Number of protein chains: 2
Amino acid sequence: MPAPRTPPAEKPGTQARAPRSRIQQRNRELILDAALEVFSTHGFRGATLDQIAAQAGLSKPNLLYYFDSKDTVHRALLTRLLDSWLDPLRKLDPMGEPQAEILSYMRRKLDMSRAYPRESRLFANEILQGAPRIEAFISNDLRALVDEKAQVIAGWAGAGRIAPVDPHHLIFSIWALTQHYADFAAQIGMIRGEGHDPFSGAGDFLDHLYARLLAP
Amino acid sequence: MPAPRTPPAEKPGTQARAPRSRIQQRNRELILDAALEVFSTHGFRGATLDQIAAQAGLSKPNLLYYFDSKDTVHRALLTRLLDSWLDPLRKLDPMGEPQAEILSYMRRKLDMSRAYPRESRLFANEILQGAPRIEAFISNDLRALVDEKAQVIAGWAGAGRIAPVDPHHLIFSIWALTQHYADFAAQIGMIRGEGHDPFSGAGDFLDHLYARLLAP
DNA sequence: AAGCTTCTTGACTGAATGGTCAAAGTTGAT
DNA sequence: ATCAACTTTGACCATTCAGTCAAGAAGCTT
């Protein structure tokens with residue numbers, strides 16, 4: 001009797017789990033990539049499984065073999081995204097040089113927008129819909145982190161190490177500016193000319209902007 | 001023989017037209033308002049006519065009596081929006097005092113976001129989807145206006161009346177910052193506490209930000 | 001090569017969706 | 001009050017959509 005390849009063998013696709021075979025690994029990846037493409041442009045309700053399956057090059061039943069439902073796919077994408085969403089702000093070091101720390105944070109956010117524009121749009125879509133699926137994340141994890149770092153920044157401002165500034169609005173402004181280049185890339189592209197990289201010049205502009213804002 | 005109330009009497013709802021009766025006026029308004037609510041949170045494909053009709057307090061066939069199709073409703077909303085979308089930038093006066101002009105432009109944009117957050121989200125949704133329905137508007141009208149005003153700003157910078165700055169990025173930054181408070185209101189609300197007005201403090205912060213950026 | 005497991009798919013289902021239609025109800029000018 | 005025009009709606013249709021299922025194809029391990 002041949003040993004089963006996978007010991008307990010629950011039905012696959014039920015939860016996020018480590019992929020077992022090379023085929024699972026590949027197809028899950030294909031699906032998530034396709035789903036990211038579709039969800040990030042059409043939102044949850046506007047996306048269809050047929051569309052995602054087609055984009056992934058799989059049949060719809062095959063897609064549903066790997067993920068239980070449309071919702072499961074979407075949740076997998078969000079989970080994966082949120083895991084890394086807090087990183088840039090987490091790295092803001094209370095012991096570092098204030099202006100450099102804030103500029104670096106902005107740069108990390110901008111780099112993420114440039115490297116993962118679809119993830120940025122997925123997030124934007126979710127917020128536009130009122131953040132129904134990530135309310136807990138925002139109200140708890142994100143809020144706590146923001147409040148913590150806002151205090152750090154307020155401390156810097158109070159000590160005169162940067163110009164006085166509302167820390168929450170400072171953080172919001174970084175979010176707004178860095179996400180804009182990903183979320184509104186279509187608009188920027190049409191205005192600057194299609195061939196143009198939407199992000200070109202953005203880094204320099206934002207460096208300059210925040211240097212001016214924060215100089216004591 | 002009673003004179004017909006409406007002279008040529010084509011089928012109603014075929015095109016945007018001046019409403020004829022009080023009932024038409026009221027119901028068209030109800031529908032557009034409901035549709036704005038739904039389209040702005042779920043996007044075009046994610047919105048349903050049933051949802052819009054319910055929100056408007058009408059039956060679906062009744063809704064379709066006033067607008068030929070889902071697409072027609074959406075188009076009516078966009079048309080109405082785009083008509084006023086360019087106004088704030090148009091008002092930027094080449095003859096005015098540079099810094100005050102730019103700050104006023106930012107203020108007008110911010111005021112529009114505060115007064116019409118749903119319109120802002122409708123626009124954001126459209127851009128996220130790749131701007132399929134407003135490509136012509138952006139590539140032609142908006143682009144031309146932006147280029148024109150960018151030249152004005154470049155002139156001001158060249159003359160040393162404001163600090164040197166990339167005019168396109170300056171404009172993009174104003175869009176990003178002002179729209180963020182409307183489009184990401186859900187997120188801001190969850191972070192600052194639900195009772196909090198997302199826009200509170202934004203005006204002062206942005207005034208300060210741009211004053212610092214532009215001071216020669 | 002055998003035999004079990006993992007993958008894949010065509011055919012299907014019930015619900016939702018955009019849209020139609022004819023008939024019924026309402027309105028307002030005469 | 002009348003009558004034509006305007007408005008509303010219940011019933012309906014074709015299509016799309018999320019999700020199921022059973023049977024077949026491909027992969028592994030021995």
Side-chain angles (χ1 to χ4, degrees), chain A residues 1-14 17-31 34-35 38-39 42-77 133, chain B residues 1-14 17-31 34-35 38-39 42-77 133:
Chain A
M1 151 196 174
R5 243 175 299 163
T6 56
E10 343 149 26
K11 188 183 166 203
T14 306
R17 67 160 56 71
R20 298 194 173 87
S21 70
R22 230 161 293 127
I23 293 177
Q24 283 225 4
Q25 169 112 43
R26 187 179 55 91
N27 283 351
R28 275 174 180 277
E29 211 45 61
L30 278 174
I31 291 167
V38 177
F39 280 133
H42 292 290
F44 180 74
R45 293 191 26 181
T48 73
L49 287 181
D50 290 291
Q51 218 182 339
I52 296 171
Q55 175 93 18
L58 300 174
S59 66
K60 183 167 60 168
N62 203 5
L63 186 161
L64 286 163
Y65 172 76
Y66 291 101
F67 292 90
D68 279 357
S69 65
K70 186 182 179 180
D71 202 80
T72 307
V73 183
H74 193 250
R75 219 176 284 282
L77 280 177
R133 293 158 223 275
Chain B
M1 148 197 172
R5 246 176 294 163
T6 58
E10 343 148 28
K11 188 180 165 205
T14 306
R17 66 161 55 71
R20 299 195 170 87
S21 70
R22 230 161 292 122
I23 293 177
Q24 283 225 5
Q25 170 111 43
R26 188 178 54 89
N27 283 351
R28 275 173 179 277
E29 211 45 61
L30 278 175
I31 291 166
V38 177
F39 281 133
H42 292 290
F44 181 75
R45 294 192 24 183
T48 74
L49 287 180
D50 290 291
Q51 217 182 340
I52 296 171
Q55 176 91 20
L58 301 173
S59 66
K60 184 169 60 169
N62 202 6
L63 185 161
L64 285 163
Y65 172 75
Y66 290 101
F67 292 90
D68 280 355
S69 65
K70 186 182 178 180
D71 203 79
T72 307
V73 182
H74 193 251
R75 219 176 284 281
L77 281 176
R133 293 158 222 276

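By convention in this document, chain letters (A, B, ...) are assigned in the order of the sequence lines, proteins followed by strands, and residues within each chain are numbered from 1. Please read these numbers as outputs of a predicted model, since none were measured by experiment.
- Atom NE2 in A:His42 sits about 11 Å away from atom P in D:dC17, given to the nearest Å.
- Following rounding to the nearest Å, B:Lys70 (NZ) and C:dA16 (P) show an atom-to-atom distance of 16 Å.
- What separates CZ of A:Arg45 from C1' of C:dA16 is a distance of 11 Å, to the nearest Å.
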Check the interface with nucleotides 8-15 of chain D: list each N/O to N/O pair with the protein under 3.5 Å, or write none.
from, atom 1, to, atom 2, distance (Å)
D:dT8, OP1, B:Asn27, ND2, 3.3
D:dT8, OP2, B:Asn27, ND2, 3.0
D:dT8, OP2, B:Asn62, OD1, 3.1
D:dT8, OP2, B:Asn62, ND2, 3.3
D:dT8, OP2, B:Tyr66, OH, 2.6
D:dT8, O5', B:Asn62, ND2, 3.2
D:dT9, OP2, B:Ser59, OG, 3.3

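- For the side chain to side chain contact (heavy atoms under 4.5 Å, CB included) criterion with B:Leu64, the lone passing option out of B:Leu49, B:Val73, B:Thr72 is B:Leu49.
- Shown here are the ring pair (Phe, Tyr, Trp, His ring centres under 6.0 Å) partners of A:His42, two or more places apart in sequence or in another chain: there are none.
- Look at CD1 on B:Ile52: it is 14 Å from C1' on C:dG19, rounded to the nearest Å.
- At whole-Å resolution of the value, CD in A:Gln24 and P in D:dC28 are 12 Å apart.
- Nucleic acid contact for A:Ala53: none, since no nucleic acid atom lies under 4.0 Å from a heavy atom of the residue.
- At whole-Å resolution of the value, NE2 in B:His74 and P in C:dG19 are 13 Å apart.
- The separation between A:Leu49 atom CG and C:dT9 atom C1' is 16 Å, rounded to whole Å.
- Ring geometry, B:His74 versus B:Phe39: the interplanar angle exceeds 60°, so the pair is classed perpendicular (tilted spans 30 to 60°).
- Taking the C1' atoms of five terminal pairs at each end of the helix from C:dA1-D:dT30 to C:dT30-D:dA1, the two resulting helix axes are inclined by 20°, rounded to 10°.
- By the salt bridge (Lys or Arg N to Asp or Glu O under 4.0 Å) test, B:Asp71 is found to be paired with B:Arg75, B:Arg133, residues two or more places apart in sequence or in another chain being considered.
- Residue pairs meeting the salt bridge (Lys or Arg N to Asp or Glu O under 4.0 Å) criterion with at least one partner in residues 55-67 of chain B, sequence neighbours excluded, are B:Asp50-B:Lys60.
- Qualifying salt bridge (Lys or Arg N to Asp or Glu O under 4.0 Å) partners for A:Lys70, counting only residues two or more places apart in sequence or in other chains: none.
- Rounded to whole Å, atom C1' of D:dA26 lies 14 Å from atom CZ of A:Arg22.
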Only pairs under 3.5 Å count here: list side-chain donor-acceptor contacts from residues 51-59 of chain B, not counting sequence neighbours, and write none if there are none.
from, atom 1, to, atom 2, distance (Å)
B:Gln51, OE1, A:Arg45, NH2, 2.9
B:Gln51, OE1, B:Thr48, N, 3.4
B:Ser59, OG, B:Asn62, N, 3.3

